[in-house]
Enquirer: 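One structure coming up, written as structure tokens, with questions to follow.
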Amino acid sequence: MNTNSTFGSRLWALLRKEFAQIGRNRSLIISLIIPPTLQIILFGFALNPTVNRLRLGVVDESRSHPSRDLTSAFTANGTFVVTGAFAGVEPLGTALQRGTLDAGLVIPADYARQRNHKSGPVQAQFLLNAMDANTAGIAASYAGSIAQAFNGSTLDVQSHPRNGPSGLADAHLKAQVNLLYNPGLISAWFVVTGTFGILLILNGSLVATTTMSQEKENGTLEQLLMTPAGTTEIILAKLMPLFLLLMLDVGLVLVVCDLVFHVPVRGSLWLIFLAGALCILTGIGIGTFISTYTKSGLQAKLLSFFVNPPMALLSGATTPVEAMPKWMQPLVNLNPVRHFSLIARGVMIKGVGMDVLYPNFLALLCFAVLLLGVSITRFRKQLA
């Protein structure tokens, strides 16, 4: 008998058996089709490097036709969208600090007079939240281009002296760009503070999923039920060591941020640890919840892959939310990583406190309580 034909027939039989087995495993087929399809669609929308619809606040102290033309020039191409008018620079700065604005335009009171009667540059101040160095660099470049284009369009009008006095061609706009919070445009500050929350959520989820799944596979849960300990004690004994070990990651990440990336901590470290604790509890809740729907560690890992990457990439932690489609941006607020990244950047880079960040702390608290409560309830039912 030909050895090659025998080998080929055996291989073909084994292949048929494997394909038949895969065909009977509907969960595997679904995991190979649905998650990649959804992920490529979502990531294609979310990971868009284009910067548009940045929230612009305006302080128009001139309140004149030329100042309104300047504001319209900044919003003409959709890069900036005016979301508020402010009476002065101080409330504008507060809005930038709270994160409700991405940029601010300050037009001086004598802007129209300088534009019409003074030779030389006419300055308008442009304030830019530079926490995201990439977005800030692009926005600053946009601001310079807008000012240059505005000057060009104004000079074209001034070359035909129907709309004003002659000699205006020397009065050109100069946009003074001030980069707030990250004047050096260090991109690592934005990336590191964003991935901080991703690491805590993913580590908490993966560790909890792996631990709980191993307990099921090894059959040790049944042995624990034979002890005098109650279900609540068993659950707490499982979760508390994970929480304490993962809290060490918070301190470790802060040390790396300081020594390697030189990220400042301008606010309270206790706020970072508090937010980190809530983030870890949320991750443990996600991992425990996933483990209640799976029977093996492999199934748990597949389901985790379906949950964790979208949570990480659709959070605005590493890419600006403004680059996402408008319909997707409100969904980011349902992501715990989003709220932790806002807290980390607010405390470390901006130096703000609980008075500004309390909505994000409340959101993290709700996520932690809800996910832990649901996962523990389901886990207790499985132990019963």
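Just so you know, these numbers use all the heavy atoms, side chains as well, and skip hydrogens, waters and symmetry mates.
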Enquirer: Consider only side-chain N and O atoms of His65 and Asp69, and report whether a donor and an acceptor are under 3.5 Å apart.
Expert: yes

Enquirer: Can you give me the closest heavy-atom contact between Ser67 and Ser64, atom names plus distance?
Expert: OG-O, 2.7 Å

Enquirer: Does the side chain of Asn129 come within less than 4.5 Å of Leu101's, by heavy atoms?
Expert: no

Enquirer: Dump the intermediate steps for side-chain contact (heavy atoms from CB on, under 4.5 Å) on Leu357 and Val347, then the final yes or no.
Expert: CA-CA 9 Å; Leu357 299 172; Val347 173; 3.5 Å; yes

Enquirer: Grab the two heavy atoms, one from Thr377 and one from Gly373, that are nearest each other, plus how far apart they are.
Expert: OG1-O, 2.7 Å

Enquirer: Checking the side chain of Thr288 only, and the main-chain atoms of Gly285 only, is there a donor and an acceptor separated by less than 3.5 Å?
Expert: no

Enquirer: Minimum heavy-atom separation for Cys257 to Val192, with atom names?
Expert: SG-CG1, 3.0 Å

Enquirer: What's the spacing between Ile286 CD1 and Leu281 CG if we round to 0.5 Å?
Expert: 11.5 Å

Enquirer: Output all residues satisfying ring pair (Phe, Tyr, Trp, His ring centres under 6.0 Å) with Phe289, sequence neighbours left out; order by chain, then residue number.
Expert: Tyr293

Enquirer: Under 4.5 Å between any side-chain heavy atoms of Asn203 and Ile280, yes or no?
Expert: no

Enquirer: Taking only distance into account, with no hydrogens and no angle test, what donor-acceptor pairs under 3.5 Å do side-chain atoms of residues 332-342 form with protein atoms, sequence neighbours excluded?
Expert:
from, atom 1, to, atom 2, distance (Å)
Asn335, OD1, Val337, N, 3.0
Asn335, ND2, Met311, O, 2.7
Asn335, ND2, Leu314, O, 3.3
His339, ND1, Asn360, ND2, 3.1
His339, NE2, Asn333, O, 2.7
Ser341, OG, Val337, O, 3.3
Ser341, OG, Arg338, O, 2.7

Enquirer: Tabulate below the donor-acceptor pairs under 3.5 Å that side-chain atoms of residues 246-256 make, not counting sequence neighbours, or state none.
Expert:
none

Enquirer: If you measure from CG on Asn308 to CD1 on Ile198, what distance do you get to the nearest 0.5 Å?
Expert: 10.5 Å

Enquirer: Do Leu200 and Phe261 sit in one hydrophobic cluster, given that two such residues count as connected whenever their side-chain heavy atoms are within less than 4.5 Å of each other, even indirectly?
Expert: yes

Enquirer: How long is the span from the CG atom in Leu202 to the OG1 atom in Thr195, to the nearest 0.5 Å?
Expert: 11.0 Å

Enquirer: Starting from Ile284, can I reach Leu245 by hopping between I/L/V/M/F/W/Y residues whose side chains sit under 4.5 Å apart?
Expert: no

Enquirer: With rounding to the nearest 0.5 Å, note down the distance linking OG1 in Thr193 to CZ in Arg345.
Expert: 4.0 Å

Enquirer: Taking the side chain as every heavy atom from C-beta outward, state whether Phe196 and Ile201 have any pair of such atoms under 4.5 Å apart.
Expert: no

Enquirer: Applying side-chain hydrogen bond (donor to acceptor under 3.5 Å, both in side chains) as the test, list every pair that has at least one member in residues 89-107; sequence neighbours left out.
Expert: Arg55-Asp102

Enquirer: For the side chain of Thr209 and the backbone of Leu206, is there at least one donor-acceptor N/O pair under 3.5 Å apart?
Expert: no

Enquirer: Restricting to non-hydrogen atoms, name the atom on Val356 and the atom on Pro359 that form the minimum distance, rounded to 0.1 Å.
Expert: O-CD, 3.5 Å

Enquirer: Indicate the atoms forming the closest heavy-atom contact of Ser205 with Ile290, along with that distance.
Expert: OG-CD1, 4.3 Å

Enquirer: Checking Phe80 now: which residues fulfil side chain to side chain contact (heavy atoms under 4.5 Å, CB included) with it, not counting sequence neighbours?
Expert: Leu54, Leu56, Phe74, Ala103, Phe126, Ala139, Tyr142, Ile146

Enquirer: Return a table of donor-acceptor pairs under 3.5 angstrom between the side chains of residues 263-279 and protein atoms on other chains or two or more places apart.
Expert:
from, atom 1, to, atom 2, distance (Å)
Arg266, NH1, Tyr181, O, 2.9
Arg266, NH1, Ile349, O, 2.4
Ser268, OG, Trp270, N, 3.3

Enquirer: So which atom in Gln125 and which in Leu127 form the shortest heavy-atom distance, rounded to 0.1 Å?
Expert: NE2-CD2, 3.6 Å

Enquirer: Could you state the interatomic distance from CG (Leu105) to CG (Leu70), rounded to the nearest 0.5 Å?
Expert: 5.5 Å

Enquirer: Are Val89 and Leu96 connected in the hydrophobic side-chain network, where two residues link if heavy atoms are under 4.5 Å apart?
Expert: yes

Enquirer: How many angstroms lie between atom CG of Leu365 and atom OH of Tyr358, to the nearest 0.5 angstrom?
Expert: 15.0 Å

